[in-house]
Student: 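What follows is a structure written as structure tokens; I'll ask about it next.
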Amino acid sequence: MIIISQQNYNSILQHAIDGLPNEACGLIAGMIEDDKKYIKKVYLLTNIDASNEHFSIDPKEQLSTVKDIRYNNLILLGNFHSHPETPSRPSEEDIRLAFDSKASYLILSLQDKEKPVLKAFLINELKQVKEEVIQIEE
Ligand SMILES: [Zn+2]
């Protein structure tokens, strides 16, 4: 299970809206306790593809983010990106490019602008996709 605060959820949502019509992306960091992943910090990064169908995180931003995560004694939990026009599930490309079986892949769909949908997925070495429960807390 992944636990995210309302505030961090809101910043992901705002970043996704600001990034329209393109996909927005970023990294998530936090702590793991038993089977729970707590998102403590979200990093709103640049999609250098500037595309509405795929994303690449700016490598420079990725590097400084990883440093900041270490500095804060947190763990890199995974990443997030938005789907401006498609549902919240990994695309074929998302699955193809997923190389970390421990990472949580969060996808925020803005297909229905009134009703954003955030889901989280694990993608293993065999490219099997498993949804993780994600809970938004106050
Ligand atoms: Zn995607």
Side-chain angles (χ1 to χ4, degrees):
M1 177 191 275
I2 302 175
I3 293 148
I4 183 168
S5 67
Q6 185 69 50
Q7 194 187 349
N8 279 334
Y9 170 77
N10 288 347
S11 36
I12 290 177
L13 178 60
Q14 191 57 51
H15 187 53
I17 292 168
D18 292 344
L20 288 173
N22 295 331
E23 289 192 6
C25 59
L27 294 168
I28 53 170
M31 300 179 326
I32 302 175
E33 273 173 24
D34 302 323
D35 58 346
K36 287 188 179 136
K37 298 173 183 173
Y38 294 90
I39 296 175
K40 295 292 177 189
K41 214 167 168 189
V42 298
Y43 296 86
L44 311 174
L45 307 179
T46 307
N47 176 8
I48 53 171
D49 291 346
S51 156
N52 68 345
E53 287 177 330
H54 48 95
F55 75 99
S56 299
I57 291 174
D58 183 330
K60 279 184 197 154
E61 290 180 6
Q62 176 140 8
L63 192 66
S64 58
T65 299
V66 169
K67 282 183 186 163
D68 189 80
I69 291 169
R70 284 202 200 116
Y71 178 78
N72 285 286
N73 278 318
L74 297 173
I75 298 165
L76 177 63
L77 295 175
N79 63 37
F80 71 88
H81 71 282
S82 63
H83 279 179
E85 287 140 45
T86 52
S88 178
R89 60 169 173 257
S91 66
E92 275 180 35
E93 187 178 76
D94 290 337
I95 295 169
R96 190 167 55 80
L97 297 175
F99 292 112
D100 186 350
S101 61
K102 283 186 190 144
S104 295
Y105 295 89
L106 273 57
I107 300 176
L108 178 70
S109 170
L110 295 173
Q111 191 178 28
D112 180 348
K113 301 280 178 287
E114 307 295 312
K115 262 194 191 171
V117 178
L118 179 67
K119 289 185 180 176
F121 302 91
L122 292 165
I123 302 167
N124 71 13
E125 294 85 351
L126 302 171
K127 301 295 180 189
Q128 292 162 326
V129 177
K130 193 176 146 204
E131 191 173 342
E132 281 186 293
V133 176
I134 184 159
Q135 191 175 310
I136 302 169
E137 285 192 338
E138 290 305 312

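Whatever order the structure lists them in is the order used to number ligands and atoms, beginning at 1.
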Student: Can you name the N/O/S atom of His81 that is nearest the Zn ion (ligand 1)?
Tutor: NE2
Student: Looking only at heavy atoms, which two atoms of Asn47 and Glu23 are closest? And how far apart?
Tutor: ND2-O, 2.9 Å
Student: Are any N, O or S atoms from His54 nearer to the Zn ion (ligand 1) than 2.8 Å?
Tutor: no
Student: To the nearest 0.5 Å, how far apart are NZ in Lys40 and CD1 in Ile69?
Tutor: 14.5 Å
Student: Roughly how far, to the nearest 0.5 Å, is CD of Gln135 from CD of Glu137?
Tutor: 5.0 Å
Student: Applying a strict under-4.5 Å side-chain criterion to I, L, V, M, F, W and Y, I'd like to know whether Tyr105 and Ile134 cluster together.
Tutor: no
Student: Measure from the Zn ion (ligand 1) to each N, O or S atom of Asp94 and report whether any distance is below 2.8 Å.
Tutor: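 Of the N, O and S atoms in Asp94, at least one lies under 2.8 Å from the Zn ion (ligand 1), which means yes.
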